[in-house]
Protein chains: 2
Amino acid sequence: MAELRPTILLVEDEPEIRRFLRTSLGSEGFRVVESATGRRGSIDAATHKPDVAIVDLGLPDMDGIAVISNIRSWSPMPIIVLSARVLERGKIEAFEAGADDYVTKPFGIGELVARIRVALRHAVRLRNGERVLLLDDASIDLEKRRVLRGGAEIRLTPIEFRLVAVLARHAGRVVTHRQLLREVWGPTHENDTHYLRIYVKQLRDKLESDPANPRHFVTELGVGYRLELAE
Amino acid sequence: MAELRPTILLVEDEPEIRRFLRTSLGSEGFRVVESATGRRGSIDAATHKPDVAIVDLGLPDMDGIAVISNIRSWSPMPIIVLSARVLERGKIEAFEAGADDYVTKPFGIGELVARIRVALRHAVRLRNGERVLLLDDASIDLEKRRVLRGGAEIRLTPIEFRLVAVLARHAGRVVTHRQLLREVWGPTHENDTHYLRIYVKQLRDKLESDPANPRHFVTELGVGYRLELAE
DNA sequence: TCGAACCTTGACGGGATCTTTACGCGACGC
DNA sequence: GCGTCGCGTAAAGATCCCGTCAAGGTTCGA
């Protein structure tokens, strides 16, 4: 019969961390497949088709970024990055390569499990290719290009709409400043992160129930923004 | 007596898919007319005057795009495209040829039925079997090319009529400037957005109860126009 | 041949939208 | 404690887009 537990691929070279995660995640009800190198990780991702991949950035043979790009070239599976570096530009590179989330060592197992659960939820949503996004308070119909909030229609300007559209396409995943700017304003404005602050605020004002404490348009400090949909 | 069930023309070469859709759509209350080739499809569209046409893009004898152009040259009937290609190219071409909606294989029958219903809802069938669009104040008969308002007939010029027809086919969703210009004036006038302003105003003057505050011919700033039908 | 209906073209004003500039705040490192 | 960096906020200026009016120009039928 089919395996019911979600499968997690763990690409990590340090044996102690592997052992630690094997037992912790196992007791949380996950099935764990381990790869000690980037090369094996890329292969195991294809053969085991895990529900989530956890990739350490500090791999010996192959850069973790390469593993991410590799997986992302053929699969939309959620990828969570594990890294010791705190404010490294590796973080941004990881997101641009297609990572979904990022956990810095040392990390609490509770935090990691929570992020895995979030990633699994998103994956389910992605599979039905929903074209109507639900926020707590509002709904966004990408096809009809319409936004409703409490029954009333909200007007979005062209740029505002393009911005939600890009964020929505990567819903639940961080989109870097550069990516957003490139897709909305074009490659010539890749450095005008200022625009983002302005327009994200406008979207919050229009779509968040409490714009001062955004629950959906989440800022990832130093990296970019993430659109979190309703449960 | 007249057939009450909506008629659907299915232009599809693969027998299994035809059989699958014949039974599924039949049990949903539709009458299905089948054409195995593009050539026959173009003919059947004219003879059976279906309420909706479903066209597969991967036809053997004649490209599905050609079938769409063919139908669109003489009828505003809703056309839903069926295609295995994930590629954007075919999609865009289909829309530019005049398709109204797009479903990619493999598709759920539920999704297809929903889209058929949407396409049908745009036109209301009257007692005598005619299909007309209802605005608060006026009614538009696309087949007979007649517009009534408060019992009296309103004259639309050829271009005005083509413009409502295109908007009506996509009722409820935005149609871009480019698309409108291409379908009404032809590809050589894709940039003359000025025409649209003029003719949209004329349509508003003729069909809106308060032309200064249009409720049906809605402008989407920087994007295009949208026709909003009565509830 | 003439006129009416229709389509095209140009000009202008107002408003929505985008861009630019400025400032406050908290986190962080020195 | 101080300066820097990234972010949020606010508001003014510039720009773009749309609606409107009106004057040619063309087509078509009377």
Side-chain angles (χ1 to χ4, degrees), chain A residues 85-89 91-92 95 104 145 147 153-167 174-178 180-181 183-186 188-208 210-226, chain B residues 145 147 153-164 167 174-178 180-181 183-186 188-208 210-227:
Chain A
R85 322 170 201 178
V86 186
L87 246 180
E88 196 72 36
R89 58 173 278 111
K91 192 169 178 176
I92 295 177
F95 281 125
T104 49
R145 205 191 166 80
V147 179
E153 176 150 8
I154 301 248
R155 296 190 56 84
L156 294 189
T157 73
I159 285 192
E160 285 167 5
F161 192 86
R162 288 223 294 279
L163 189 52
V164 271
V166 174
L167 284 169
V174 182
V175 189
T176 64
H177 296 138
R178 181 174 297 266
L180 288 170
L181 288 163
E183 294 203 45
V184 177
W185 280 269
T188 53
H189 292 84
E190 272 185 1
N191 298 317
D192 296 331
T193 52
H194 186 72
Y195 290 179
L196 290 177
R197 289 199 277 280
I198 308 252
Y199 280 90
V200 167
K201 169 176 172 52
Q202 289 175 2
L203 287 176
R204 283 171 177 160
D205 286 343
K206 289 185 177 180
L207 298 176
E208 295 269 5
D210 180 9
N213 298 74
R215 298 190 45 207
H216 298 103
F217 293 87
V218 184
T219 123
E220 294 284 341
L221 247 124
V223 181
Y225 293 89
R226 177 164 48 100
Chain B
R145 306 192 131 249
V147 178
E153 175 151 8
I154 301 249
R155 295 185 53 81
L156 293 190
T157 73
I159 285 192
E160 285 167 4
F161 191 85
R162 288 226 293 280
L163 189 52
V164 270
L167 285 169
V174 185
V175 189
T176 64
H177 295 139
R178 179 175 295 265
L180 288 170
L181 288 163
E183 293 203 41
V184 177
W185 279 270
T188 53
H189 291 84
E190 271 184 4
N191 299 316
D192 297 332
T193 52
H194 187 70
Y195 291 179
L196 290 176
R197 290 199 276 279
I198 307 263
Y199 280 90
V200 167
K201 170 176 171 50
Q202 289 174 4
L203 287 176
R204 282 171 177 159
D205 286 344
K206 289 185 178 180
L207 298 175
E208 294 269 6
D210 179 9
N213 297 74
R215 298 189 46 207
H216 297 102
F217 294 88
V218 183
T219 124
E220 292 283 340
L221 241 129
V223 181
Y225 293 89
R226 189 181 54 198
L227 177 62

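Throughout, a chain's letter reflects where its sequence line sits, starting with A, and its residues are numbered from 1.
- Mapping A:Glu220 and B:Pro211 onto DNA chain D via the closest heavy atom, the residue that lands nearer the 5' end is A:Glu220.
- To the nearest angstrom, C1' of C:dT8 lies 11 Å from CH2 of B:Trp185.
- Residues A:Arg155 and B:Thr219 approach most closely at NH2-O, 3.9 Å, considering heavy atoms.
- You'll find the side chain of A:Val147 stays beyond 4.5 Å of the side chain of A:Val164, heavy atoms only.
- Each of B:Tyr225, B:Tyr199, B:Tyr195 was evaluated against B:Leu163; a single residue qualifies, B:Tyr199, per the side-chain contact (heavy atoms from CB on, under 4.5 Å) test.
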Between protein and nucleic acid, restricted to nucleotides 9-13 of chain C and to nitrogen or oxygen atoms under 3.5 Å apart, what atom pairs and distances do you find?
unit_1, atom_1, unit_2, atom_2, d
C:dT9, OP2, B:Tyr195, OH, 2.4
C:dG10, O6, B:His194, NE2, 3.1

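- Regarding A:Tyr199, its OH atom lies at a distance of 5 Å from the P atom of C:dT19, rounded to whole Å.
- Not one side-chain nitrogen or oxygen of B:Thr193 sits closer than 4.0 Å to the OP1 or OP2 atom of D:dC18.
- Distance CZ (B:Arg155) to P (D:dC28): 15 Å, rounded to an integer number of Å.
- The interatomic distance linking A:Lys201 (NZ) with C:dG24 (C1') rounds to 13 Å, in whole Å.
- In this structure, the CZ atom of A:Phe217 is 17 Å from the P atom of D:dC7, given to the nearest Å.
- Rounded to an integer number of Å, the gap from CZ of A:Arg197 to C1' of C:dG24 is 13 Å.
- The nearest whole Å value for the distance from the CG atom in A:Asn213 to the C1' atom in D:dG8 is 13 Å.
- Side-chain atoms of B:Arg204 and B:Asp210, non-hydrogen and from C-beta on, never get closer than 4.5 Å to each other.
- Counting only distance, with no hydrogens or angles, the side chain of A:Glu160 and the backbone of A:Leu203 share no donor-acceptor pair below 3.5 Å.
- Separating the CG atom in B:Asn191 from the CH2 atom in B:Trp185 is a distance of 13.5 Å, to the nearest 0.5 Å.
- Summary of helix geometry: the two end axes of the helix from C:dT1-D:dA30 to C:dC30-D:dG1, each defined by five base pairs via their C1' atoms, are inclined to each other by 20° (rounded to 10°).
- The two residues A:Pro158 and B:Gly222 have their closest heavy-atom pair at CG-CA, 4.4 Å.
- With A:Glu220 contributing its side chain and A:Arg226 its backbone, the two residues share no donor-acceptor pair below 3.5 Å.
- Taking side-chain N and O atoms only, B:Tyr225 has no distance below 4.0 Å to OP1 or OP2 of D:dC17.
- The CG atom of B:Leu221 sits 13 Å away from the P atom of C:dG15 (whole-angstrom rounding).
- Under the 3.5 Å distance criterion, the side-chain polar atoms of B:Glu208 are left unmatched by any main-chain donor or acceptor of B:Asn213.
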